[in-house]
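Reviewing the structure listed below.
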Amino acid sequence: MKEYLQNLFNQLALKIPELNEITLQFDIPKSEEHGDLSTNAAMLLSKKLKKNPREIAKLIIDSLEIDSSVISKIEIAGPGFINFFFRPVFFSKIINEIVSENENFGRSDKFKGKKANVEFVSANPTGPLTVGHGRNAVVGDTIANLLEWIGYDVDREYYFNNAGRQMRVLGDSVRLRYLELLGEMIEFPEDYYQGEYIKDIAKMLLNEYGDKLRNEDAEGIFKQTAEREIFKDIKKSLNNLNIIHKIFFNENSLYEEGKIEQLLKKFKEKNLSYEKDGAVWLKLTELGKEQDKVIVKSTGEPTYRLPDIAYHITKFERGYDLMVDLFGSDHNATYPDVLAGLQSLGYDVNKIKVLIHQFVTIMKDGEVVKMSTRKANYITLDELVDEVGKDVVRYFFNMRNISSHMNFDLTLAKKQSDENPVFYLQYAHARICSIIRTVTKENLQPDYSNLHLLDSPEEVQLLKKLNLFKEEVLYAAENFETHRICFYLEELAALFHKFYTFRRILGSEREIAEARLALVNAVKIVIKNGLSILGVSAPEQM
RNA sequence: GCGCCCGUAGCUCAAUAGGAUAGAGCAUCAGCCUUCUAAGCUGAGGGUUAGUGGUUCGAGUCCACUCGGGCGUACCA
C-alpha cells in the first residue's frame, strides 16, 4: 500500500522537485474516517514553497495520476493532511499471497546475505538462571528470530567467564559444603554462595569420590564440577524455553589464544595507552570521554574492558554485519568504554547495537522480592516456567518495551493466567482450526477466486490488518522491538473475534462462505507465524 | 553530585522517526449462547500524559528546570 503511493509520489517529484527535499511519510491514521493512509507532505512543503498547506495539498492531488480502480477517494483534511482511501479489492489480494507463502509469509529478504550475531544471556555459571535472566533470554532469542525473518543469517551467542574471583568463590563454596558433609565443622562465610544447588553438587562429589577430595583445592575439581553442573542446568532452563545458543564463547580462550596480549600491544603501538601507578590506562579522554580507564590493574590482571574489546574484535573478524549485545541496565556504564576502545582501533562500531533492558521487579504477595544469586533468595526461571508455562513466560517478556521497567507480579500471574493475552491469541487460532474442521465436513472449501465478496466492514478491517504484517515484522526487527509483534497480533485477533461474531460461514451462501473460509485460513497463517516469531505455540485445540 | 532508563485510566502497559478526538488488557457496571469453541462479542464509566516554562501550523513524544522511582558511577564482571 505504501509502496504503491511511494511510486505515485516518485512520479510526482518530477513535477514538484521540492518533494525530494523532504522525507515523504505515509502514516496509517488512527481513525478510519481519515482514510487508509495519510501524508503530511503538504505541511512539510509549506515552508519551502511559502504557500498554505491546503493549497499545496490540492496541487499535489491534482497532479497525481490516480487509478480509480485502486484508490476510491483522496481528500484534504485538517491543517493539510492528504488522506487516501483504497478499494477493498486492493486489500483482498493479500490472501493469495499469504496462502501461497504459508509459513514463510511475513519473511522478507531485505537483509539476505548478511550475517548477524546476537549475544544474550551471557550469565556466568555461578548459579541457576533467575527470573531476571528470563527477560534477557526471551527477548534476545526473539530478536534473533526477528532478524532471521528479515533475511539475516543469525548466530546466537553466549559469552561467559569461568575465571576470576566469582568463580573462585564458587569453587570454594562447594569445597566447604563437601567438607561439611564429611562431618567437619565449617564456618560458611556469608558472602559465599548460599544456594541449595551448591550442596547438591557437593553431595554429588561425595557420592562419586567419597572422602578422597578432602585435600583438593577449590580451583580444581570443585570449581570445574560446579561449572559443568551449573552450565548443564542453565542450558536445560534455556531449552525449556526453546532457546538454543549456537556458540558458547569462553572469555578464557582470549587469553589462551594470545588475543589479550596482541590487543595490549596494539594499544601501546598506537599510543592509545600508558602506564601510571603500576597500571595500564586506556586514553579515553582523547576520544572525548570524561576520564581514562584502567585496562590492566597494578596486579597485572586485566579489567573487564580489555577482554571485552578483544571479544568484540573476534566478532568483527568473524565477519558479522550486525552485532547485537543485549544486557541488563546494570551494565549500562560499561559498554561506552568498550565501544570507544574499538573505535580507536578503527572498527566500525555502527555495526554493534547495544540493547539495554530495564530490570524486572518481582512482586510476590504485594511485596518486592529482592534477588541475589549469592544470597539465594531468587526465584529461578525454571520455577517460573513450571508455574505459568513456557508460552506465557515468552509472551509476557516479549510484550513489553525493553526500555520500561517491568513489574512481574507472581501472585497475579498465577491467578490471572487464564486471562493472559497469550490465551486470547491462541484461542483465536484454535477457534479458526475448529471452524475449518467443522465446515470441511459440510463440504466447503476455501475459494480464492471470489475475494471481492469480502466487503463488509469486519472483513475489510481484517484484510487491512493482514496487509500490514510484513511491514510490522520488518519494523519490529529493524528497531529490535519484540512487543510490536504482540500488539499487532492482539489487534489482529480482536478483529478476527469480531468477524467471527458478526459474519458466519455456515449458513451463508456458498460463494460467500468459501471466500470467508479463505480469509479465515489466511488469518490463521498470520497468527501462527506471528506466534512463531515470539516462540509461542499455536494450538489447534483449546 | 554525575550518567543512562522511567513517570500516561484504579492496576499492567501501547501510542509506528512531532500529527488529527491519547488507545488496549485487567478490574467495575449493563447486555449477548437451541447453528462454525462464551478463554468470545457489544456497550458504559474511568485522563490536566508527574509539574512548570519553552520550541511550532501541531508536543505524551523535542529542549530547560523541578519533583518522584530504577540502575550505574571501581585497579569487580
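Quick note: numbers below take in every heavy atom, side chains included, and nothing from hydrogens, waters or symmetry partners. Quick caveat: nothing in here was measured; it's all calculated off a predicted structure.
Between S108(A) and L474(A) the shortest heavy-atom distance is OG-CD1, 4.0 Å. In plain terms, the two heavy atoms of I234(A) and G127(A) that are nearest each other are CD1-O, 3.9 Å.
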Each base of RNA chain B marked ( ) or [ ] if paired in-strand (Watson-Crick or G-U under 3.5 Å), | if paired to another strand and . if unpaired gives (((((((..((((.....[...)))).(((((.......))))).....(((((..]....))))))))))))....
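Closest contact between the side chain of H34(A) and the listed nucleotides A20(B), A77(B), A38(B) involves A20(B). When the nucleotides U42(B), U16(B), C13(B) are ranked by their closest atom to the side chain of F502(A), U42(B) comes out on top. In this structure, of C13(B), A77(B), C57(B), it is C57(B) that holds the atom nearest to the side chain of M43(A). Taking every side-chain heavy atom of V294(A) into account, C75(B) is the closest of C75(B), U16(B), A20(B). Residue H483(A) has its side chain nearest to A15(B) when only A15(B), C36(B), A77(B) are considered. Of the candidates A38(B), A77(B), A20(B), A77(B) carries the atom nearest the Y304(A) side chain, counting heavy atoms from C-beta on. The side chain of T438(A) lies closest to C36(B) when the candidates are C36(B), C5(B), A20(B).
H405(A) has its NE2 atom 8 Å from the P atom of C6(B), to the nearest Å. Taking atom CG of L444(A) as the reference point, atom C1' of U35(B) lies 14 Å away to the nearest angstrom. Across the protein-nucleic acid pair, I505(A) atom CD1 and C36(B) atom P stand 12 Å apart, rounded to whole Å. Straight-line distance from the CZ atom of R54(A) to the P atom of A20(B): 16 Å, rounded to whole Å. Rounded to a whole Å, the CD atom of E75(A) is 12 Å from the C1' atom of A20(B). The separation between L37(A) atom CG and U16(B) atom C1' is 12 Å, rounded to whole Å. The CD atom of Q25(A) sits 10 Å away from the P atom of U16(B) (whole-angstrom rounding). Rounding to whole angstrom units, CG of residue L45(A) and P of U56(B) are separated by 20 Å.
Using a 4.0 Å heavy-atom cutoff across all strands shown, R503(A) reaches at least one base atom of the nucleic acid. Counting non-hydrogen atoms under 4.0 angstrom, T334(A) reaches a base of the nucleic acid. Among the heavy atoms of the strands lying under 4.0 Å from N124(A) are primed sugar atoms or P, OP1, OP2 only; no base atom is included. Across all strands shown, S38(A) has heavy atoms under 4.0 Å from base atoms, whether or not it also approaches the sugar-phosphate.
The only member of Y255(A), F249(A), Y304(A) that meets ring pair (Phe, Tyr, Trp, His ring centres under 6.0 Å) when paired with Y311(A) is F249(A).
With its glycosidic angle more than 90° from 0, C32(B) is assigned anti.
Of the two residues near RNA chain B, E33(A) and R504(A), the one whose nearest nucleotide lies more 5' is E33(A). Residues K30(A) and E301(A) both approach RNA chain B. Their nearest nucleotides, taken by heavy-atom distance, put K30(A) toward the 5′ side.
Contact annotation: Y475(A) side-chain N/O to A17(B) OP1/OP2 distance is under 4.0 Å. Side-chain N/O atoms of Y424(A) include one lying less than 4.0 angstrom from OP1 or OP2 on C41(B). Not one side-chain nitrogen or oxygen of S403(A) sits closer than 4.0 Å to the OP1 or OP2 atom of C5(B). Applying the 4.0 Å criterion to OP1 and OP2 of U16(B), one finds that Y488(A) has every side-chain N and O outside that range.
Taking CZ from F120(A) and CG from D325(A), the interatomic distance works out to 12.0 Å, rounded to the nearest 0.5 Å.
Heavy-atom contacts from other residues, nucleotides or ligands closer than 6.0 Å to NZ of K2(A) number more than 12.
Under the 4.0 Å criterion applied to side-chain N and carboxylate O atoms, K223(A) and E227(A) are not assigned as salt-bridge partners. Between E459(A) and R503(A) no salt bridge is recorded (no basic side-chain N to carboxylate O distance below 4.0 Å).
Judged purely by distance below 3.5 Å, without hydrogens or angles, the side chains of N401(A) and S403(A) pair a donor atom with an acceptor atom.
F480(A) does not carry R484(A) over the face of its six-membered ring by the limits of under 6.0 Å from the centre and within 45° of the normal.
No hydrogens or angles were tested; on distance alone, a donor-acceptor pair under 3.5 Å links the side chain of N40(A) to the base of G19(B).
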